[in-house]
**Student:** 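A single structure is presented below for examination.
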Amino acid sequence: MISDSKTKSFPVQDYDLDATLSSGQAFRWRRLERSWIGVIGGHWVRLESSGDAIFAETAEVLSDWKWLMDYLQLELDLNSVLQRFPDDEPMRVAMGACRGLRLLRQDPWECLAAFICSSTKQIVQIQQIISLLCERYGEPVNVPPGCAPAQAFPSAAFLAGLRESDLRACKMGFRAPYLLQSAQRVAAGELDLAGLGQMPVDLAREQLMQLPGVGRKIADCVLLFAYGFQSAFPVDVWVIKALRELYFRRRQVKLKRLQRFSAQYFGTHGGYAQQYLFHYMRTVARPKPPRRRIKAETKNVKN
DNA sequence: TACCAGGAGAGCG
DNA sequence: CGCTCTCATGGT
């Protein structure tokens, strides 16, 4: 077939690849000059955005690019999503600041495992944990000549056979037993990840929250980022900050009330709104870190 | 040094 | 329930 190729160009509109790949939904993308390198399923891929198109390069000749189109959600009409945002000032500001930000559609196990490792961690640290996991326990994938080795995300079955200390060595600390037990339950078929997508969202959430280390927030991340449940609205510290400052004027509001507010106010398409608020708070509205005082005598004096 | 990071679970009243 | 404490690790 003449359409077989290692490269392909996809026309896009309103697709901010940089924002999307760096907005804390996925943790394996690395920037290399103007492009992004990552692994999706068993495919090494390099992506580059030119404004009105996304260019993709893989390591092997392909005729079927559905895996990539699905992951990037290339067929989604973003405007129809943005139109469903609440018509208020905070959302207008976030929308203006994050134009082109998208939600990905990730593999459920990878997404679940990554977010189990995410609790009270900063994004760079989550990236470090995930990359250690993949380097040590993921199946190698083909890469183009001259490129660094890459691995698929390790399967639940493989992780299920490890020891807790193996996972702790990947710097995930107290999350290690959570990930290990969750991997064992998924590998044993006690939780059917593939089946969750066909369930009502509340039932799917309930199933996910049976897993150790998976509470409301992480369950919502998986429901949104892996299954595309548009009503899932992960309420984390950044979104709490956003809701308090933008909708409650810094009044003391309890987490429970924010969760109820978000479900009621943002409704069945709140997931996208959440990502816009999250990204807006992390980038534009991020409080400037206090500038370090430069002390000449600040040297590591190890006696 | 002390504090915090995209939380969850256990133990209390 | 609702609150508080703890969990491991790296960065500032």
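Naming: A, B, ... by sequence-line order, numbering from 1 per chain. Fair warning: this is a prediction, and the values are worked out from it, not measured in the lab.
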**Student:** Does OP1 or OP2 of C/dG10 have a side-chain N or O of A/K171 closer than 4.0 Å?
**Tutor:**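 It does, given that an N or O in the side chain of A/K171 lies less than 4.0 Å from OP1 or OP2 of C/dG10.
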**Student:** Return the set of residues passing side chain to side chain donor-acceptor pair (under 3.5 Å) with A/Q73 (not counting sequence neighbours), or none when no residue passes.
**Tutor:**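 A/R105.
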**Student:** Is the shortest side-chain N/O distance from A/K256 to OP1 or OP2 of C/dC3 below 4.0 Å?
**Tutor:** no
**Student:** Could you tell me whether a side-chain N or O of A/T20 sits under 3.5 Å from a main-chain N or O of A/R102, the two making a donor and an acceptor?
**Tutor:**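 Pair found, side chain donor or acceptor close to backbone of A/R102.
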**Student:** Just how far, in rounded Å, is P of C/dC7 from CZ of A/R175?
**Tutor:** 13 Å
**Student:** Using atom CG of A/D236 as one end and atom P of B/dG6 as the other, report the distance to the nearest whole Å.
**Tutor:** 8 Å
**Student:** Salt bridge (charged side-chain N to carboxylate O under 4.0 Å, His left out) with A/R136: which residues, sequence neighbours excluded?
**Tutor:** none
**Student:** When the side chains of residues 219-232 of chain A are checked against the rest of the protein, which donor-acceptor pairs come out under 3.5 Å, sequence neighbours left out?
**Tutor:**
{"residue": "A/D220", "atom": "OD1", "partner": "A/R205", "partner atom": "NE", "Å": "2.8"}
{"residue": "A/D220", "atom": "OD1", "partner": "A/R205", "partner atom": "NH2", "Å": "3.0"}
{"residue": "A/D220", "atom": "OD2", "partner": "A/R216", "partner atom": "NE", "Å": "2.8"}
{"residue": "A/Y227", "atom": "OH", "partner": "A/L193", "partner atom": "O", "Å": "2.6"}
{"residue": "A/Q230", "atom": "NE2", "partner": "A/G228", "partner atom": "O", "Å": "3.1"}

**Student:** I need the residues from residues 88-115 of chain A with at least one non-hydrogen atom less than 4.0 Å from DNA chain B; give them sorted by number, or say none.
**Tutor:** none
**Student:** For the base of B/dG6, is there a side-chain donor-acceptor partner from A/Q274 under 3.5 Å away?
**Tutor:** yes
**Student:** Side chain to side chain donor-acceptor pair (under 3.5 Å) with A/E110: which residues, sequence neighbours excluded?
**Tutor:** none
**Student:** When the side chains of residues 147-172 of chain A are checked against the rest of the protein, which donor-acceptor pairs come out under 3.5 Å, sequence neighbours left out?
**Tutor:**
{"residue": "A/S155", "atom": "OG", "partner": "A/F158", "partner atom": "N", "Å": "3.0"}
{"residue": "A/R163", "atom": "NE", "partner": "A/D166", "partner atom": "OD2", "Å": "3.4"}
{"residue": "A/R163", "atom": "NH2", "partner": "A/D166", "partner atom": "OD1", "Å": "3.1"}
{"residue": "A/E164", "atom": "OE2", "partner": "A/R168", "partner atom": "NE", "Å": "2.9"}
{"residue": "A/E164", "atom": "OE2", "partner": "A/R168", "partner atom": "NH2", "Å": "3.0"}
{"residue": "A/D166", "atom": "OD2", "partner": "A/R163", "partner atom": "N", "Å": "2.9"}

**Student:** Please report, rounded to the nearest Å, how far the C1' atom of B/dC3 is from the CD atom of A/Q125.
**Tutor:**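 Value for this atom pair: 13 Å.
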**Student:** Let me know the distance between CD1 of A/I126 and C1' of C/dT9, rounded to the nearest Å.
**Tutor:**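 Distance check: A/I126 CD1 to C/dT9 C1' gives 13 Å.
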**Student:** Between A/Q122 (CD) and C/dT12 (P), how many Å, whole number?
**Tutor:** 8 Å
**Student:** In whole angstrom, what separates A/I123's CD1 from C/dG10's C1'?
**Tutor:** 15 Å
**Student:** Contact list please: residues 262-271 of chain A against DNA chain B, heavy atoms, distance less than 4.0 Å, in numerical order.
**Tutor:**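 Within this stretch, nothing sits under 4.0 Å of the strand.
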**Student:** Who are the salt bridge (charged side-chain N to carboxylate O under 4.0 Å, His left out) partners of A/D77, not counting sequence neighbours?
**Tutor:** none
**Student:** May I have the distance from A/R168 (atom CZ) to C/dG10 (atom P), rounded to whole angstrom?
**Tutor:** 13 Å
**Student:** Partners of A/E48 by salt bridge (charged side-chain N to carboxylate O under 4.0 Å, His left out), sequence neighbours excluded?
**Tutor:**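 With sequence neighbours excluded, A/E48 shows a salt bridge (charged side-chain N to carboxylate O under 4.0 Å, His left out) to A/R34, A/R46, given in chain and number order.
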**Student:** Classify the ring geometry between A/W29 and A/Y71 as parallel (under 30°), tilted (30 to 60°) or perpendicular (over 60°).
**Tutor:**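 Ring orientation, 0 to 90° scale: tilted.
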**Student:** For A/E75, does the CD atom sit with more than 12 other heavy atoms under 6.0 Å from it, leaving out its own atoms?
**Tutor:**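 Not more than 12 within 6.0 Å, no.
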**Student:** Applying ring pair (Phe, Tyr, Trp, His ring centres under 6.0 Å), can you list everything that pairs with A/H43, at least two apart in sequence or on another chain?
**Tutor:** A/W67
**Student:** Give, for atom CZ of A/F115 and atom CD1 of A/I218, the distance between the pair rounded to the nearest 0.5 Å.
**Tutor:**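 If I round to the nearest 0.5 Å, the distance is 8.5 Å.
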**Student:** C/dG10 and B/dA8: how far apart are their P atoms, nearest whole angstrom?
**Tutor:**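 Straight-line distance between the two P atoms is 22 Å.
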**Student:** Ignoring hydrogens and angles, state whether a donor on the side chain of A/S23 or A/Q25 is under 3.5 Å from an acceptor on the partner side chain.
**Tutor:**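 A pair is found: one side chain offers a donor N or O, the other an acceptor, under 3.5 Å apart.
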**Student:** Considering only atom P, compute the distance from B/dG6 to C/dC5 and round it to an integer number of Å.
**Tutor:**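 That atom pair is separated by 23 Å.
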**Student:** Using heavy atoms and a sub-4.0 Å distance, could you list which residues of residues 18-25 of chain A are near DNA chain B? By number, please.
**Tutor:** A/S23, A/G24, A/Q25
**Student:** How would you summarise protein contacts on nucleotides 8-13 of chain B per nucleotide, using B for base, S for sugar-phosphate only and - for none, with heavy-atom distances below 4.0 Å?
**Tutor:** SS----
**Student:** What's the CG-P distance between A/L277 and B/dG6, to the nearest Å?
**Tutor:** 16 Å
**Student:** With a 3.5 Å distance limit and no angle check, can you tell me whether A/R249 reaches the backbone of A/R244 through a side-chain donor-acceptor pair?
**Tutor:** no
